[in-house]
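One structure is given here, and the rest of the page talks about it.
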There are 4 protein chains.
Amino acid sequence: MATRSARAKRTSVRETVRSESRAAYREAILVAAERVFGRLGFHDAKMADIAAEAGVAAGTLYNYFKNKDQVFESILKRGQSRLKEELAPALELAEPLARLRAITETSLRFLEENGALFMIHIRRGGLEARSLRHIGEGNDDLHEFHEQLVREAFVQAIESKQLRQDIPADELAGLFSGLTEAMIFAWIRRGCPKNLAAKTDLIFDMFLQGAHPK
Amino acid sequence: MATRSARAKRTSVRETVRSESRAAYREAILVAAERVFGRLGFHDAKMADIAAEAGVAAGTLYNYFKNKDQVFESILKRGQSRLKEELAPALELAEPLARLRAITETSLRFLEENGALFMIHIRRGGLEARSLRHIGEGNDDLHEFHEQLVREAFVQAIESKQLRQDIPADELAGLFSGLTEAMIFAWIRRGCPKNLAAKTDLIFDMFLQGAHPK
Amino acid sequence: MATRSARAKRTSVRETVRSESRAAYREAILVAAERVFGRLGFHDAKMADIAAEAGVAAGTLYNYFKNKDQVFESILKRGQSRLKEELAPALELAEPLARLRAITETSLRFLEENGALFMIHIRRGGLEARSLRHIGEGNDDLHEFHEQLVREAFVQAIESKQLRQDIPADELAGLFSGLTEAMIFAWIRRGCPKNLAAKTDLIFDMFLQGAHPK
Amino acid sequence: MATRSARAKRTSVRETVRSESRAAYREAILVAAERVFGRLGFHDAKMADIAAEAGVAAGTLYNYFKNKDQVFESILKRGQSRLKEELAPALELAEPLARLRAITETSLRFLEENGALFMIHIRRGGLEARSLRHIGEGNDDLHEFHEQLVREAFVQAIESKQLRQDIPADELAGLFSGLTEAMIFAWIRRGCPKNLAAKTDLIFDMFLQGAHPK
DNA sequence: TATGAATGAGTGTTCATTCAT
DNA sequence: GATGAATGAACACTCATTCAT
């Protein structure tokens, strides 16, 4: 029994090691893929590029992912869970505008730290959606999640009269998200300089006060 | 001499016909390519798809364009000149905010009527820039042109105290363009419903008044 | 009847003109094709190139020749008849070695004046024979014709004891033709300088005397 | 450490196998390509033909050669090194005419065993030069190498009064090379019968004695 | 399981040939 | 008959995927 147990344990340990090794490989591949997809886009990124960036052989990719599409999809999913984790503290805030500000700042900071991921996400979510629709059908979309959070904050803020009453919450939320995204696009176009998160104040100021002279 | 004249005329007519036919073919190909690129993106759009959409043989494309890249580029250029034409009346307006409103409305209307073109343009200008940078180097970019117009309007509006003085014109212009683009992205995400141009008022209202309750 | 006759005559004249025009077109095309094939080789020479060189439209070529192969073939045939014409005086000579010398000199001069044709011919006859065998099957070949003339001269020269008796006429003829062709190849490799025909003396001297010191 | 060593050895063995396999594939492709190019010429030989002849998939060719041109070039280079190897013993001979005879005999034998290669080489060096000039610029050419050897032998033979003094070494060497090449062309035209190398004696006899009766 | 070479379907492009004018 | 644009078969080459080791 001792022997059995020992063997079982050894096996278990070995499997743990294996499993950790598997996880490490998988992670390395995803990190590499994120960089490569972010740099080159879906089509120009070759499986060979990703393998090279990850320091593994091309065939190895297929031990961890079914195909190129699934590598792509996995990056998105991984990014989604990471952002969700980082957003958790912000969601604790009860005050809707403060929560909105925290969500925005967190998202922008996340963006700065995960530029490549964002490139991938935005391409897929916003623009290549149609051509890549076959990828990730039915995944809960990060966009949806994010917009839902923003929408809730807006509904509450309007209810508590902190915002104009004459524009529906959805429309307002859309404009806000839009303004944020616009900031992001401008930031990308400028080559992703530092301190995107610091733009949160500007976004809020403009969004709340407008451009009219006071 | 009558004969010569007649022959000359016939030739001339024939050449006109031919020339018109060439232009018609070229146009048909561009229209088809615009649709296909808009639908599938640069990479997924195959020359065969474009040819099929245009109702010609694949080889025919190469009688009008050197290669796939040049088809793509030509769409952009064609779109640019068309938008420039349509913007001309708006540029006559002397009053900066009125001009800005006209530019915005015209651009949005143009967009509605040329959704596919815009998809193409934005993909290239904003996002696929890196992977497609080899295409169209040195074209005067529509983005640049548009942003220049907006920037000028802002400089004048700030000078005439019609806008807040505490934010630089460039920043304001960026935010405005951003807000507009955001509207556009939201519109695209919603599947390009009718009446995008009507959103001009909302954009201006929000941009000028802000979201604060009055 | 006068009318008929007149009409008939007019028709006939017109047909002559037409026929002359046809011949002129055909000739122009062949001249152009000879230059282009000579310059680029069979495969790299495009029908469009030939048409351009001839100053006609691509389609016109097909009013005179069934296809590219036939253009090629026609050049060879035309060259063959021209060389045969030029060789006629040489063939009058009764004395075999004098005749051989005249044939050689004439052939070399012809070569210098028809370099392009020769390039075509040699490519086809000597080297691309296998790959181009589908062309001109069963034509009486210029090579064959030429070698036949040479062979006859050798048979007679050996019979009249003007040449070594210990080597069969065929072998000797082959060597002589070979030496001549070798001269030609060297000449081509040197870029076709002037005065190839003047090498006739050297060929004969070497061929008859050998390289041994006297 | 034993394990490491064992693993290292295994790896090394595996790599040797792989490396041998790679070399074998490469060689098989070159052999196939040599046959196909020799049979059809550069243009008519399709990559698919070569792949089929080698018994591999078309794509495999591109794991070993960058493109069709490079396959072609590699054949030439391989042939050059092989001939150079085979010529080495002949070059040991101090006596110029004996050396020349050995060089000639070796070359002819090489030719018989590598007819396809020669077809390829001669097409490129002599005739398709112009259209294929883009291939292999700057390779040390087999022709040049061979002619240099011949030229040296002639200079020495003339110096030692073994040959006529009235014709410059270059000219004589050219004629000799020419005679040899002529023999080769005749041999090709006759369909590459056996025993080409045996013609060395005939070449030398004719070259030295000439065709005059003694 | 990692490897990396083999595979072959798929694509952009060329060009001989056809055909409407 | 001349024209020159349309045609589409053909081909070099790429790359995601498979598989023997």
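Residue numbers start from 1 in every chain, and the chains themselves are labelled A, B, ... in the order their sequence lines are given, proteins ahead of strands. What you see is a predicted model, and the numbers here were worked out from it, not measured in a lab.
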* Asked: Whole-Å distance between F:dA12 C1' and D:Gln70 CD?
  -> 14 Å
With a cut-off of 3.5 Å and sequence neighbours excluded, list every side-chain donor-acceptor pair involving residues 45-52 of chain C.
unit_1	atom_1	unit_2	atom_2	d
C:Lys46	NZ	C:His43	O	3.1
C:Asp49	OD2	C:Lys46	N	3.1

* Structure fact -> With B for base contact, S for sugar-phosphate-only contact and - for none (protein heavy atoms under 4.0 Å), nucleotides 6-12 of chain E reads BBB--SS
* Asked: Within a strict 4.5 Å, meaning less than it, do heavy atoms of the B:Leu61 and B:Ile29 side chains meet?
  -> yes
* **Row check, B:Phe42 ring normal vs B:Lys68 NZ/CZ: under 6.0 Å, within 45°** => yes
* Secondary-structure stems for DNA chain E, with pairs counted as Watson-Crick or G-U when both distances are under 3.5 Å and runs at least 3 long -> E:2-21 with F:2-21
* Under the ring-ring contact (aromatic ring centres under 6.0 Å, His included) test, which residues partner C:Tyr62, sequence neighbours left out? -> none
* Is the cationic atom of A:Lys77 (NZ for Lys, CZ for Arg) positioned less than 6.0 Å from the six-membered ring centroid of A:Phe72 and within 45 degrees of its normal? -> no
* Asked: In whole angstroms, how far is the C1' atom of E:dT18 from the CZ atom of C:Phe65?
  -> 18 Å
* Length of the line joining C:Ile29:CD1 and F:dG1:P, which is rounded to integer Å -> 12 Å
* Go through the steps for D:Arg26 and D:Phe65 under the test side chain to side chain contact (heavy atoms under 4.5 Å, CB included), then give the verdict. => CA-CA 9 Å; D:Arg26 199 188 139 90; D:Phe65 303 94; 3.4 Å; yes
* To do: Quickly work out the D:Asp49 CG to F:dA10 C1' distance and round it to whole Å.
  => 12 Å
* To do: Taking side chain to side chain contact (heavy atoms under 4.5 Å, CB included) as the test, write out the residues that go with A:Asn63, two or more places apart.
  => none
* Structure fact -> Taken in chain and number order and not counting sequence neighbours, the residues that satisfy side chain to side chain contact (heavy atoms under 4.5 Å, CB included) with C:Arg35 are C:Val31, C:Arg39, C:Glu53
